[in-house]
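Values in this document were obtained by computation on a predicted structure and should not be read as measured data. The sequence lines fix the lettering, A, B, ..., with proteins before strands; numbering per chain opens at 1.
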Amino acid sequence: MLRVEKLAFAHPRQTVPYEFSLLAHAGEVTAVSGASGSGKSTLLDLLAGFLVPISGQIELDHENLVPLPPEQRPLSLLLQSESLFEHLSAASNIALGLPRHTLKAEQRQKIAAALAEVGLDGLGNQQAGTLSGGQKQRVALARTLLRARPVLLLDEPFSALDDETRVVIRELVRTLTVRHRWHTILVSHHANDVETLASRRYVLRDGQLLAI
Amino acid sequence: MIGTKVMLTLPHRPIRILAALTLATAIATLIALVLWAIMAAATGNSTGSRIDIPHLLRMTSIQAGLTAVLSLLVGAALAWSLNRLRFPGRDMVVGLFASAIVTPGMVVAFGLLSIWGRNGWINRASEALFGTSIGNPAFGLSGILLAHVVLDGAFAARIMLARLDAIPSARLKTGQSLGLSAWQRFTLLDLPAIRGTVPGLAAIIFLLAFTSFPIVLMLGGGPANQTLEVAIYAAVRQDFDLVGAVYLATTQIAVCSLVILAASALAPIPTSFGASTAPRWRDAGLAQALQITVLGLCLVGFALPLLSVLVDGLSSGIGRIVAKPSFWWATASSLLIGSASALLTLALALTLALGRGATGRGIVRTLLGMPAFAYLAVPAVVLSLGFFLLVRQLGLEASFAAPFVVILANSLLALPFAMATLGPPLEAIARTRGKLIRSLGLSGWQQFASVEYPLIGRDIGVMLALAFCFSLGDLGVIALFGTQDFQTLPLMMFRALGSYRGNDAAAIAAILLIGTVVAFVGLPKLFERIAHAAR
C-alpha cells in the first residue's frame with residue numbers, strides 16, 4: 001500500500017502550504033482531480049522526488065520514500081507528452097527501462113515481449129518521433145513494464161489523445177495495473193477518465209486532498 | 001526546508017560539475033599567469049616607450065565605432081531583404097553570408113585588394129574604359145571599414161534574419177489581413193523583432209573590430225590607421241619594444257573589459273536558428289525593388305572579393321606554390337594545428353557546457369561561463385604576447401613551446417563560439433528532458449550516449465568547423481610565435497605579401513578559402529551523419 005501522510009510543501013511566495021494525504025492500493029487506479037493550479041502537478045513532483053517536502057511521509061509498504069532521490073524511487077512516470085526521447089527508436093526507448101549491462105539478446109527478447117503486451121508488435125525499430133500519440137503512450141507503458149516498479153504516476157496521460165485512442169489506452173492502463181499489481185496514481189482534470197478508471201478518487205481543494 | 005524545482009529535476013551529475021569547475025579554474029589560472037607575465041614585464045622595465053597610446057586608442061575606437069554602426073545598418077538591410085525575397089538558391093545565399101563568421105580576415109582583405117586595389121579589377125576596367133584610375137579605396141581607413149563591414153555586416157544579417165524568420169506566423173497573418181504597408185510592416189513587426197539584437201550585436205562587432213588584426217595589418221597602410229592590436233605586434237616583432245607592447249596590451253585589456261561589462265548587461269543574441277514556418281508574404285513595388293537592390297549590392301560586396309581570391313589564386317601561382325616544400329610544411333602545420341585546436345576546443349567546451357547544464361546554482365553557472373570571456377577580454381595578439389613572455393620567463397625554448405602555445409591559444413580564442421554553439425542545446429536537453437532522465441535513473445554516460453550526443457551531433461560538427469576554421473585562418477597568434485621553420489598558411493601568405501610575391505599570396509589565399517568552405521560545410525554534415533548512425 002502507498003500511503004501519503006501530511007505531505008507539506010510551499011512554493012516560494014505561497015503563504016498557505018499544500019498538505020497532501022492519500023492512500024493507494026496495489027492493483028488499483030487512484031485518481032486525483034482538481035482545477036488548474038490546484039496543486040496536482042506539485043503532488044506528482046513530490047511523489048516522484050522532484051520537489052522536497054517541508055514535512056510528511058510517503059510510505060510504500062512501510063518504507064519511507066522521502067529521503068530517496070528521484071532515480072531511486074520505486075516508481076515510473078508517464079507524462080502527457082515527452083515521455084519518450086523522440087530521436088531514438090521505440091526499442092531504444094524501452095531499453096532504457098532495463099537494468100544496465102543487460103545482455104543484448106535478453107534485451108531484444110524482453111523488449112519484444114513488452115511491445116507485444118502493449119499491442120505494438122514489430123514497431124520496435126520505428127523512430128519514436130514518427131509514432132502517433134497513442135503509440136507513444138504504449139511505448140512508454142512498455143518501458144514501464146520492463147522497469148517493473150510498483151508505483152505508476154500518470155500526469156494527464158490521455159490529454160493529447162483523440163477520443164477513440166483515449167478509450168483504448170485507458171483500458172490498457174487498467175489491464176496492466178491489475179495484472180502487474182501497480183499502485184497507479186492518475187492525475188487528471190477529465191471527469192470521464194477519473195470515473196472510468198479510478199477505484200479511489202480524491203479532489204484537490206484549497207491545498208488539501210479530499211477523498212470522494 | 002522548501003525545495004526548488006529546477007535543482008531536483010536536473011539529473012544529479014557531480015562528476016560533470018566537478019570536472020567543469022576544475023577546468024574553469026585551470027583556464028582562469030592560465031589567463032591569470034598570462035596577465036601576470038604581461039604585468040611583470042611592464043613593472044620590470046621602467047624605460048619609457050614612445051608609443052602614442054591616446055592616438056592609437058582614438059583611432060581604434062573610431063574605426064571600431066564606425067564599423068559597428070555601418071555593419072548594423074548593412075546587416076539590417078540585408079536581413080530585411082533576405083527575409084522577404086524567395087528565389088532558387090536562397091538557402092545557399094544565406095549559407096554564404098553565414099560563412100562570414102569563419103572567413104579569414106586576411107582572405108577578405110586580399111580579395112578587396114584584388115577588386116578595389118591599385119591593380120584591382122575595378123581600376124583595370126576603369127583605365128581600359130575611361131583611361132583613369134579610381135585610386136586605392138581598399139587601403140587606409142576606408143579599406144579597413146570596407147573589409148570589416150563585409151564580414152561583420154554579413155554576421156549581423158545572419159543573426160537578425162534568424163529573428164525575422166522567427167516572427168510568429170499568427171502575427172504575420174494578422175498584419176497581412178490588415179493590409180499593412182511595407183513601411184508599417186517594418187516598423188510594427190520587423191523592428192520590434194530585431195531591436196533586441198542591436199545592443200549585443202553592436203558590442204560584439206565593436207569588440208571584433210577593436211581587436212581586428214590581419215585586416216588592419218594588410219589594409220591599414222601605416223601608423224595613421226594602426227590599431228592597438230597591430231601596434232602590439234609591431235612593438236614586439238619590428239621595434240622589439242616589449243615595454244610599449246605591454247602598455248598597449250594593458251590598455252587593450254582594460255577597454256575590452258569595459259565593453260564586455262557593458263555588453264553583459266545587454267540582451268543576449270540567439271545562437272541557434274529555427275526554420276521559418278511563416279506564411280509567404282512578399283512586399284510589392286518599390287519595397288521589393290529596394291530589397292533586390294540591397295541583396296544584389298551585398299552579394300557583390302561579399303561574394304566578389306571571395307570570387308576574385310579564387311580566380312586570381314587558381315589562375316596565377318598555384319602551380320609554383322605547390323612545388324615548394326615549405327608550402328607543404330605550412331599546410332601540414334595548419335591542418336595539424338587546426339585539427340588539434342578543434343579537438344581541444346571540443347573537449348574544453350563540452351566539459352564546461354555539460355557541467356553548466358548539470359547545475360541550477362547561479363554562482364556555479366557564472367563561474368563555468370566565465371572562461372568563454374577569456375578571448376574577448378584578452379584578444380589574440382595580447383594572449384600570444386602573454387604566452388610569449390611567459391615562455392621566456394619560464395626559460396623554455398620558444399621554438400619548442402610554439403606549436404603547443406599556438407594550439408592552446410587558438411582553442412581559447414574559439415572557446416566562446418564553441419560554448420555558444422554547444423551550451424544552449426545541452427541546457428535545453430537538461431531542462432526539458434531532465435525529469436524523464438532522472439525518473440529513468442539514466443547514468444551520466446547513458447545520458448550522453450543515448451540522449452545528448454545523438455541530439456547535438458550537428459552542433460558538435462558546427463563547433464569543430466568553427467574552431468578549425470578560426471585556427472586555419474589565424475594570423476594573430478602565429479605572427480608572434482612563427483619562425484622560418486614553423487609557419488602556417490596564413491603566416492606564409494603574409495610573408496609572401498611582405499616580400500611582394502603576390503602570386504604566391506593569391507594562391508595561398510585561394511587554398512585557405514577553399515579549406516575554410518569545405519570544413520564549414522562538410523564537418524557539420526559529417527557529424528550529423530555520425531550522430532544519426534549512433535541513434
Arg205(A) CZ: over 12 foreign heavy atoms closer than 6.0 Å
no
Rounded at 0.5 Å granularity, tell me how far CZ in Arg438(B) sits from CG in Leu77(A).
12.5 Å
So which heavy atom on Gly441(B) is nearest to which on Arg100(A), and how close?
O-NH2, 2.9 Å
Side chains of Arg147(A) and Leu440(B): closer than 4.5 Å at any heavy-atom pair?
yes
Does His12(B) reach the main-chain N or O of Pro70(A) with its side chain, forming a donor-acceptor pair under 3.5 Å?
no
For Leu68(A), look at atom CG and say whether over 12 heavy atoms of other residues, nucleotides or ligands are found less than 6.0 Å away.
yes
At a heavy-atom distance under 4.5 Å, which candidate from Pro17(A), Ala8(A), Ser83(A), Pro69(A) has the highest pair count against chain B?
Ser83(A)
Spacing of CD belonging to Gln447(B) relative to CZ belonging to Phe85(A), to within rounding of 0.5 Å:
8.0 Å
Rounded to the nearest 0.5 angstrom, the NZ-CG distance for Lys435(B) and Leu79(A) is 6.5 Å
As an exercise, state the distance from CZ of Phe50(A) to CG of Leu10(B), rounded to the nearest 0.5 Å.
10.5 Å
From OG (Ser439(B)) to CG (Leu78(A)), nearest 0.5 Å
10.0 Å
Can you tell me if Arg433(B) uses its side chain to pair, donor with acceptor, with the backbone of Leu84(A) under 3.5 Å?
yes
Rounded at 0.5 Å granularity, tell me how far CG in Leu436(B) sits from CZ in Arg143(A).
5.0 Å
Look at atom CD of Gln109(A) and say whether more than 12 heavy atoms of other residues, nucleotides or ligands are closer to it than 6.0 Å.
no
Check whether any side-chain heavy atom of Leu96(A) lies under 4.5 Å from a side-chain heavy atom of Leu442(B), and answer yes or no.
yes
